[in-house]
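What follows is a set of notes on a single structure, which appears directly below.
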Protein chains: 2
Amino acid sequence: MSPTYEHPRPALTVDCVVFAVERERLEVLLIRRAREPFAASWALPGGFVDMEENLETAARRELEEETGLSDLFLEQLYTFGRPDRDPRGRVVSVAYYALVNLAGGQVHAASDASAAAWFPVDALPALAFDHAEILATALERLRGKVRYAPLGFELLPRRFTLTELQRLYEIILGRALDKRNFRRKIQGMGLLVDTGDAQRGKAHRAARLYRFDRRRYRQLEREGFSFWV
Amino acid sequence: MSPTYEHPRPALTVDCVVFAVERERLEVLLIRRAREPFAASWALPGGFVDMEENLETAARRELEEETGLSDLFLEQLYTFGRPDRDPRGRVVSVAYYALVNLAGGQVHAASDASAAAWFPVDALPALAFDHAEILATALERLRGKVRYAPLGFELLPRRFTLTELQRLYEIILGRALDKRNFRRKIQGMGLLVDTGDAQRGKAHRAARLYRFDRRRYRQLEREGFSFWV
DNA sequence: CCAAAAGTGTTCTCCATACACCCATGC
DNA sequence: GCATGGGTGTATGGAGAACACTTTTGG
């Protein structure tokens with residue numbers, strides 16, 4: 001028999017921490033568990049990895065099945081494997097975090113699809129398993145990485161105003177930023193393209209709409225440029 | 001039967017990328033595989049996770065069993081789970097990276113213990129499985145993180161000279177640093193303690209020996225200080 | 001006394017920060 | 001015409017980068 005089969009095997013799951021910015025707050029998507037253990041508790045979306053499936057594929061599949069969300073930014077976070085983290089027995093979980101912009105209308109589909117709901121990260125319910133720890137790890141990663149990688153744009157619609165972008169960073173970083181300095185810096189990086197259009201329907205001067213230039217970002221990255229907010 | 005047992009289970013392993021700086025180069029510890037698959041190939045030390053064992057514990061155990069190394073800096077890197085990464089079947093591997101200083105004398109024990117050997121990261125042999133990819137990921141992490149976390153000290157003996165520390169950074173980062181600027185910056189952080197002793201037995205002026213102040217680092221970290229080289 | 005590395009200051013440039021007012025638009 | 005956010009420039013301080021010579025020690 002092949003050596004692989006000589007060893008006992010933990011079960012393997014994926015769990016996803018999905019972030020969005022909504023109503024001026026950073027929020028996380030949770031689902032209400034239907035079954036034991038932790039039936040009726042809130043938990044991260046996730047589930048078992050299939051035998052022939054990539055880990056990231058499993059994360060995307062579970063996310064779509066449980067929340068209706070697809071095609072979002074998704075990155076592996078950390079693997080949690082304390083032997084006692086699941087009362088059913090040994091279950092190791094590969095955690096991912098995801099970013100989604102709620103302007104796309106996907107939200108409602110997601111929220112309706114099952115018992116899923118958004119919670120502000122500073123007002124979370126009790127969570128099943130070690131999901132509070134996973135969520136804390138994801139939050140730390142997001143807050144750290146958003147400063148040196150262009151993650152912020154994943155949380156906004158394709159076209160956005162400079163004020164929206166600034167508010168996003170203020171919400172994630174938890175502190176106010178100077179408007180003029182923020183604009184000078186972000187525009188100085190040469191990663192924003194003025195779409196020529198303007199925001200409409202607001203009772204004040206219309207703001208210009210920009211989009212993030214991914215192509216140019218990859219180019220600059222290769223040349224040793226580093227993003228920094 | 002509990003829900004855990006309804007699912008097919010991949011096998012679970014840990015793999016370790018152990019870095020050291022030796023003879024002015026960054027090197028990695030590899031072992032020569034005794035068995036199929038990839039018998040006689042070089043590979044990362046690692047092996048199967050036991051059923052009641054923490055992931056990090058498994059990594060430390062395998063490292064000690066296969067290379068004799070213990071008590072080193074170890075951090076989870078990434079989890080690799082492509083379905084075809086192991087010809088024996090589905091094997092998911094949680095990768096760790098470790099840092100070790102070779103002045104401690106552990107090396108020789110390690111090298112002698114089995115078919116283990118150090119290779120410069122820019123002159124690696126062909127590796128088993130997807131270990132080349134794991135190693136590349138670890139190298140990227142090390143080079144990135146060494147700049148904003150005090151990892152460098154893990155690669156030096158407890159007491160070291162400023163020149164040794166500077167050489168270490170030059171080797172890892174792959175570029176020359178200015179001596180006066182490096183010293184001003186590193187001493188300005190207040191994280192080095194002058195031991196009062198000096199290096200002896202060199203045919204030139206004796207250099208002062210310093211040690212890293214971990215306690216103070218943790219203190220400053222809590223106060224919002226950020227390390228930066 | 002010679003070879004080898006240790007140790008030490010100053011200048012300049014650039015970037016982060018602090019700060020306040022006029023402009024365009026919808027109602 | 002007024003309320004609301006959009007958009008803009010300048011002065012200052014601190015940190016990074018460039019740069020060369022004297023000191024100490026062992027052999």
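Reminder, nothing fancy here: chain letters follow the sequence lines and each chain counts from 1.
- Applying a 4.0 Å cut-off to non-hydrogen atoms, none of the residues of residues 219-229 of chain A approaches DNA chain D.
- Between A/Glu133 and A/Arg85 there is no salt bridge, since no side-chain nitrogen of the basic residue lies less than 4.0 Å from a carboxylate oxygen of the acidic one.
- Looking at which nucleotide of DNA chain D each of A/Arg205 and A/Gln187 is closest to, the 5′-most match is held by A/Arg205.
- Protein atom CD of B/Glu164 is 12 Å distant from nucleotide atom C1' of C/dA6, rounded to whole Å.
- Two rings, from B/Phe129 and B/Phe38, have their centers less than 6.0 Å apart.
- Nucleic acid contact class of A/Arg208 (heavy atoms, under 4.0 Å, all strands): sugar-phosphate only.
- At least one side-chain nitrogen or oxygen of A/Thr163 sits closer than 4.0 Å to the OP1 or OP2 atom of D/dG6.
- Between A/Arg61 and A/Glu65 there is a salt bridge, with a side-chain nitrogen of the basic residue lying less than 4.0 Å from a carboxylate oxygen of the acidic one.
- Comparing D/dG7, C/dA6, D/dT25 against the side chain of B/Ala206 picks out D/dT25 as the nearest.
- Taking 4.5 Å as the limit, every side-chain heavy atom of A/Glu27 sits out of range of all side-chain heavy atoms of A/Val21.
- Nucleotide C/dT17 holds its C1' atom 17 Å from the CZ atom of A/Arg183, rounded to whole Å.
- For the residue pair B/Tyr97 and B/Gln76, no side-chain donor N or O sits within less than 3.5 Å of a side-chain acceptor on the partner.
- Of all nucleotides listed (D/dG16, D/dG6, C/dA6), D/dG16 comes nearest to the side chain of B/Lys185.
- Note: B/Phe119 and B/Trp42 have perpendicular aromatic rings, judged against thresholds of 30 and 60 degrees for the angle between ring planes.
- The residues A/Glu154 and A/Arg214 are annotated as salt-bridged, a charged nitrogen and a carboxylate oxygen being separated by less than 4.0 angstrom.
- Considering CZ of B/Arg23 and CD1 of B/Ile171, their distance stands at 12.0 Å, rounded to 0.5 Å.
- A heavy-atom distance below 4.5 Å is not found between the side chains of A/Phe19 and A/Val100.
- Rounded to whole Å, the distance from NE2 on B/His204 to C1' on D/dT23 is 13 Å.
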Enumerate, atom names and distances included, each donor-acceptor pair closer than 3.5 Å involving a side-chain atom of residues 221-229 of chain A, sequence neighbours excluded.
| unit_1 | atom_1 | unit_2 | atom_2 | d |
| --- | --- | --- | --- | --- |
| A/Arg222 | NH2 | A/Gln219 | OE1 | 3.2 |
| A/Glu223 | OE2 | A/Gln219 | NE2 | 2.7 |

Run the side-chain donor-acceptor check on residues 162-169 of chain B: report pairs under 3.5 Å with partners two or more places apart or on a different chain.
| unit_1 | atom_1 | unit_2 | atom_2 | d |
| --- | --- | --- | --- | --- |
| B/Thr163 | OG1 | B/Arg183 | NH2 | 3.2 |
| B/Glu164 | OE1 | B/Thr161 | N | 2.9 |
| B/Glu164 | OE2 | B/Gln199 | NE2 | 3.3 |
| B/Gln166 | NE2 | B/Glu170 | OE2 | 3.2 |
| B/Gln166 | NE2 | B/Leu177 | O | 2.8 |
| B/Arg167 | NE | B/Glu24 | OE1 | 3.0 |
| B/Arg167 | NH1 | B/Glu170 | OE1 | 2.8 |
| B/Arg167 | NH2 | B/Glu24 | OE1 | 2.5 |

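- Here the shortest heavy-atom pairing between A/Thr137 and A/Leu77 reads O-CD1, 4.0 Å.
- For A/Tyr96 and A/Glu56, the side-chain atoms include no donor-acceptor pair closer than 3.5 Å.
- Of the residues in residues 173-180 of chain A, those lying under 4.0 Å from DNA chain D by heavy-atom distance are A/Lys179, A/Arg180.
- B/Thr67 is not listed as a side-chain neighbour of B/Val18, based on a closest heavy-atom distance of 4.5 Å or more.
- For the segment residues 190-203 of chain B, residues with any heavy atom less than 4.0 angstrom from an atom of DNA chain D are, sorted by number, B/Lys202, B/Ala203.
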Give me, pair by pair, the N or O atoms of the protein and of nucleotides 10-12 of chain C that are less than 3.5 Å apart, along with how far apart they are.
| unit_1 | atom_1 | unit_2 | atom_2 | d |
| --- | --- | --- | --- | --- |
| C/dT10 | O4 | B/Arg184 | NH2 | 3.3 |

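- Look at CE on B/Met189: it is 10 Å from P on D/dG16, rounded to the nearest Å.
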